[in-house]
Amino acid sequence: MNDFAVLNTGRKMPFLGLGTWKSEPGKVKKAVMWALEAGYRHIDCAAIYGNEVEIGEALQETLGPDKPLRREDVFITSKLWNTHHHPDDVEPALLKTLRDLKLEYLDLYLIHWPHAFQRGDNAFPKHEDGSLLYDYTDYKLTWAAMEKLVEKGLVRSIGLSNFNSRQIDDILAVANIKPTVLQVESHPYLAQEELLTHCRDRGLVMTAYSPLGSPDRAWKDPDEPVLLQEPVIGLLAEKYKKSVAQIILRWQIQRGVVTIPKSVTECRIKENIQVFDFTLEAEEVKSITALNRGWRYIVPMIEVEGRRVPRDAGHPHYPFNDPY
C-alpha cells in the first residue's frame with residue numbers, strides 16, 4: 001500500500017501526518033523538527049491552535065534550497081477559524097497564517113467548522129452570560145471565497161473540517177472547485193463508516209483527527225471509554241509486536257483514511273510513523289471497525305444550569321445534529 005492518498009486534484013497527501021492541536025508553544029517547534037527528521041512529510045496546523053508562529057520557525061529552519069528539505073517535499077494544512085467566515089475575512093485570515101508559518105502557499109486549507117462566530121479578533125466572542133456570539137454567514141459563501149485562494153495560488157487545495165454529509169453535498173452543489181478533504185474525529189469508537197463511504201463516493205479523502213481518542217484532553221469524563229485500553233486492539237498489538245497506537249493508525253491507513261496523531265514526545269513521534277512495515281488482515285480491520293459505538297470525544301461543551309451540554313448545538317449550521 002502507498003504511504004499517501006491521492007486527492008481529486010491528482011496531488012498526493014501523506015497518509016500519516018503530525019497533528020499540532022494542543023501542542024503548546026515552547027514544545028511544538030521541537031515536535032515538528034523531530035517529526036520531519038523521523039520522515040513525516042505532512043504537518044497539520046490551524047490558526048486557532050495558537051502555535052503557528054512557532055511551527056513557522058521549525059519550517060523556516062528545515063525547508064528551503066539550502067535546508068534539509070524542499071518546500072514541495074512537505075504537505076502543510078491549516079484551517080480557517082469560525083470568526084473569519086465572512087467572505088471579506090477569508091483571504092486576510094489565510095495571509096496571517098502564511099505569515100505565521102513563513103510560507104508562500106499551503107497545500108491544503110480547510111473551513112474548520114461549518115458554523116460561524118461573530119466577526120472580529122476575539123476567537124471566542126461571548127455575551128455577558130458566557131454564551132457565544134454567533135454569526136450566520138452561509139458556509140457556501142465562505143466556500144466561494146476559499147476558491148479564490150486557489151485561483152490566486154495561495155493554496156493548492158481546499159477542503160472541509162467537521163462538516164456532516166448533508167453539508168458536504170451543499171458545498172458540492174455550488175462548488176466550482178471541489179473540496180478535496182474532509183477532516184473529522186475518527187477512531188475505532190467513532191469509525192465514521194457512513195461518512196467515509198459518503199466521502200469516497202464524492203471523491204473526498206477523509207482525514208482522522210484525535211485518532212487515538214485524545215487521551216491528553218483537559219476535560220476528560222472519568223466514565224468515558226479509554227480507547228488505548230481496548231482489549232481487541234491490545235491482542236493485535238501483541239501479535240504484531242506493535243503498540244496499540246500503531247495498530248489503530250495502521251487500521252485507518254488500510255481504510256484509506258489519512259491520520260494525524262498529535263504528540264510532542266520524541267519517542268512517540270518516531271513510533272507513530274513506524275506503521276508501514278506490517279499489514280493487518282482484512283478480518284482484523286473489520287474487527288477493529290466493529291468496535292464502533294458512535295462515541296465522540298471532541299464536542300465543544302458549555303455549562304448551563306449545572307449541566308454540561310453541547311455548546312453550539314443551537315446554531316443552524318451545527319454539524320452533529322445529523323446522523324452523520
Steps toward side-chain contact (heavy atoms from CB on, under 4.5 Å) verdict (Val264, Thr20): CA-CA 8 Å; Val264 290; Thr20 60; over 6 Å; no
Is a donor from one side chain sitting under 3.5 angstrom from an acceptor on the other, for [X] and [Y]?
X: Lys262; Y: Tyr209; result: no
X: Thr289; Y: Trp251; result: yes
X: Glu284; Y: Tyr240; result: yes
X: Tyr134; Y: Asn82; result: no
X: Gln246; Y: Arg250; result: no
X: Glu193; Y: Tyr324; result: no
X: Asp44; Y: Gln183; result: yes
X: Gln252; Y: Ser186; result: yes
X: Glu52; Y: Thr97; result: yes

Is there a salt bridge (charged side-chain N to carboxylate O under 4.0 Å, His left out) between Lys152 and Glu91? Walk through the geometry before answering. CA-CA 10 Å; Lys152 291 184 175 184; Glu91 186 175 327; 2.6 Å; yes
Are [X] and [Y] close enough that their ring centers fall under 6.0 Å?
X: Phe163; Y: Tyr139; value: yes
X: His317; Y: His115; value: no
X: Phe117; Y: His85; value: no

Answer yes when [X] and [Y] have at least one side-chain N-carboxylate O distance shorter than 4.0 Å, and no when they do not.
X: Glu271; Y: Lys242; answer: no
X: Lys286; Y: Glu283; answer: yes
X: Glu57; Y: Lys102; answer: no
X: Arg70; Y: Asp73; answer: yes
X: Lys29; Y: Glu61; answer: yes
X: Glu303; Y: Arg307; answer: no
X: Asp89; Y: Arg119; answer: yes

So, taking the atom named [atom1] in [X] and the one named [atom2] in [Y], what distance separates them when rounded to the nearest 0.5 Å?
X: Leu182; Y: Gln192; atom1: CG; atom2: CD; answer: 8.0 Å
X: Lys22; Y: Ser210; atom1: NZ; atom2: OG; answer: 5.5 Å
X: Glu37; Y: Met33; atom1: CD; atom2: CE; answer: 7.0 Å
X: Ile177; Y: Ile171; atom1: CD1; atom2: CD1; answer: 12.5 Å

Do you reckon [X] sits in the same ILVMFWY cluster as [Y], going by side-chain contacts under 4.5 Å, direct or chained?
X: Leu69; Y: Leu16; answer: yes
X: Phe278; Y: Ile253; answer: yes
X: Tyr109; Y: Tyr49; answer: yes

Kindly indicate, with the supporting measurements, whether the criterion side-chain contact (heavy atoms from CB on, under 4.5 Å) is fulfilled by Leu160 and Val181. CA-CA 6 Å; Leu160 308 169; Val181 167; over 6 Å; no
Near [X] [atom1], under 6.0 Å, is it more than 12 heavy atoms from other residues, nucleotides or ligands?
X: Lys140; atom1: NZ; result: yes
X: Lys27; atom1: NZ; result: no
X: Asp121; atom1: CG; result: no

Donor-acceptor pair, side chain of [X] and main chain of [Y], under 3.5 angstrom:
X: Asn8; Y: Pro179; answer: yes
X: Asn162; Y: His112; answer: yes
X: Asp135; Y: Thr137; answer: yes
X: Arg308; Y: Met301; answer: no
X: Thr9; Y: Arg11; answer: yes
X: Asp312; Y: Tyr318; answer: no
X: Thr77; Y: Phe75; answer: no
X: Thr180; Y: Ile158; answer: yes
X: His187; Y: Leu190; answer: yes
X: His127; Y: Asp129; answer: no

Only one of Lys12, His42, Arg71 clears side-chain hydrogen bond (donor to acceptor under 3.5 Å, both in side chains) with Asp107; which?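 Answer after filtering Lys12, His42, Arg71: Arg71.
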Verify salt bridge (charged side-chain N to carboxylate O under 4.0 Å, His left out) between Arg41 and Asp3, making sure each step is shown before the conclusion. CA-CA 10 Å; Arg41 295 295 178 264; Asp3 53 5; over 6 Å; no
One pair to check against side-chain contact (heavy atoms from CB on, under 4.5 Å): Gln254 and Phe15. What are the steps and the verdict? CA-CA 10 Å; Gln254 286 186 222; Phe15 266 125; over 6 Å; no
